Amino acid sequence: MLTSLHALIFAWLGAITMFTLTVSPTVFATLEGPQASAFLRAYFPRLFKYEMAVGLTIIGLSIGLSMEGTTYQYGLSVGLVVTALACLNLRVIMPRVNEVSDQLISDPTPTIKKRFGLLHGLSVGFFGINAISMIALFAFGS
């Protein structure tokens with residue numbers, strides 16, 4: 001079960017690395033603003049839902065590992081953090097990013113740009129926290 005947990009962690013880290021290095025730059029290099037926005041608004045909800053599934057799977061595998069003997073509490077904690085932050089991204093941050101992005105089109109003031117940057121940064125930060133949590137789970141949870 002620990003091998004499955006490690007494989008899940010590395011699969012997810014690979015997926016978000018591929019998005020960061022390939023999908024995101026390609027979208028902005030090849031699509032116009034409205035098309036890029038439409039693509040990302042369709043893509044991110046799916047990404048956050050998969051991230052929530054990864055978190056829930058980490059919880060499930062950690063419960064399974066706990067049933068084999070030692071309580072795998074760190075895995076439970078990481079799974080809860082990953083699930084919660086992905087849910088916040090999906091339900092709270094992403095809708096606000098979309099709203100501010102729409103405002104930015106009609107009112108590209110420094111205030112709106114700053115608000116967009118803060119919300120986008122928060123979303124990216126949640127991804128980063130989740131990635132670091134999973135790496136720590138792999139490194140220290142064994």
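These numbers come from the heavy atoms of this one structure, side chains and all, not from hydrogens, waters or symmetry mates. Please read all numbers here as calculations on a predicted model, not as lab measurements.
Side-chain heavy atoms closer than 4.5 Å link hydrophobic residues (I, L, V, M, F, W, Y) into clusters, and following such links, possibly through other members, connects Phe138 to Val78. The hydrophobic cluster containing Leu47 does not contain Leu88, counting ILVMFWY residues as joined when their side-chain heavy atoms lie under 4.5 angstrom apart, directly or transitively. Tracing side-chain contacts under 4.5 Å through hydrophobic residues (I, L, V, M, F, W, Y), one never reaches Leu85 starting from Ile135; they form parts of separate clusters. Hydrophobic cluster membership differs between Leu122 and Leu118, with clusters built from Ile, Leu, Val, Met, Phe, Trp and Tyr side chains linked at under 4.5 angstrom. Placement of Phe10 and Leu65 within a single hydrophobic cluster is found when ILVMFWY residues are connected by side-chain heavy-atom separations under 4.5 Å, directly or transitively.
Side-chain polar atoms of Ser37 and Arg41 form a donor-acceptor pair below 3.5 angstrom.
When each of Lys113, Lys114, His120 is paired with Phe116, the side chain to side chain contact (heavy atoms under 4.5 Å, CB included) condition holds for His120 and for no other.
In this structure the side chain of Val54 reaches within 4.5 angstrom of the side chain of Met134, judged on heavy atoms. Met94 has its side chain out of reach of Ser123: every pair of non-hydrogen atoms, C-beta onward, lies at least 4.5 Å apart. By the 4.5 Å heavy-atom criterion applied to side chains, Phe126 and Cys87 are not counted as neighbours.
Shortest non-hydrogen contact noted between Val97 and Leu119 is CG2-CB, 3.6 Å. Nearest heavy-atom pair across Leu61 and Leu8 is CD1-CD2, 4.4 Å. The two residues Val100 and Ile112 have their closest heavy-atom pair at CG1-O, 3.7 Å. In terms of heavy-atom proximity, Ala86 sits nearest to Phe48 at CB-O, 3.7 Å. Between Thr83 and Met52 the shortest heavy-atom distance is OG1-O, 3.7 Å. Across Asn130 and Val82, no two heavy atoms sit closer than the pair OD1-CA, 3.2 Å.
To the nearest 0.5 Å, atom OG1 of residue Thr111 and atom CD of residue Gln103 are 11.0 Å apart. Taken from CD1 in Ile58 to OG in Ser77, the straight-line distance is 11.5 Å, to the nearest 0.5 Å. Taken from CG in Leu56 to CD in Glu51, the straight-line distance is 11.0 Å, to the nearest 0.5 Å. Expressed to the nearest 0.5 Å, how far CG of Leu90 lies from CZ of Phe44 amounts to 12.0 Å. A distance of 11.5 Å separates OG of Ser66 from CD1 of Ile59, quoted to the nearest 0.5 Å.
Taking Phe39 as the reference, Tyr43 meet the ring-ring contact (aromatic ring centres under 6.0 Å, His included) condition, with sequence neighbours excluded. Remark: Ala84 engages no residue in a side chain to side chain contact (heavy atoms under 4.5 Å, CB included) (not counting sequence neighbours).
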Hey, mind stepping through Leu137 and His6 against side chain to side chain contact (heavy atoms under 4.5 Å, CB included) and telling me if it holds?
CA-CA 9 Å; Leu137 178 57; His6 290 167; over 6 Å; no

Run the side-chain donor-acceptor check on residues 18-36: report pairs under 3.5 Å with partners two or more places apart or on a different chain.
| unit_1 | atom_1 | unit_2 | atom_2 | d |
| --- | --- | --- | --- | --- |
| Thr20 | OG1 | Ile16 | O | 2.8 |
| Thr22 | OG1 | Met18 | O | 2.4 |
| Thr26 | OG1 | Thr22 | O | 2.6 |
| Thr30 | OG1 | Thr26 | O | 2.7 |
| Gln35 | OE1 | Glu32 | N | 3.2 |

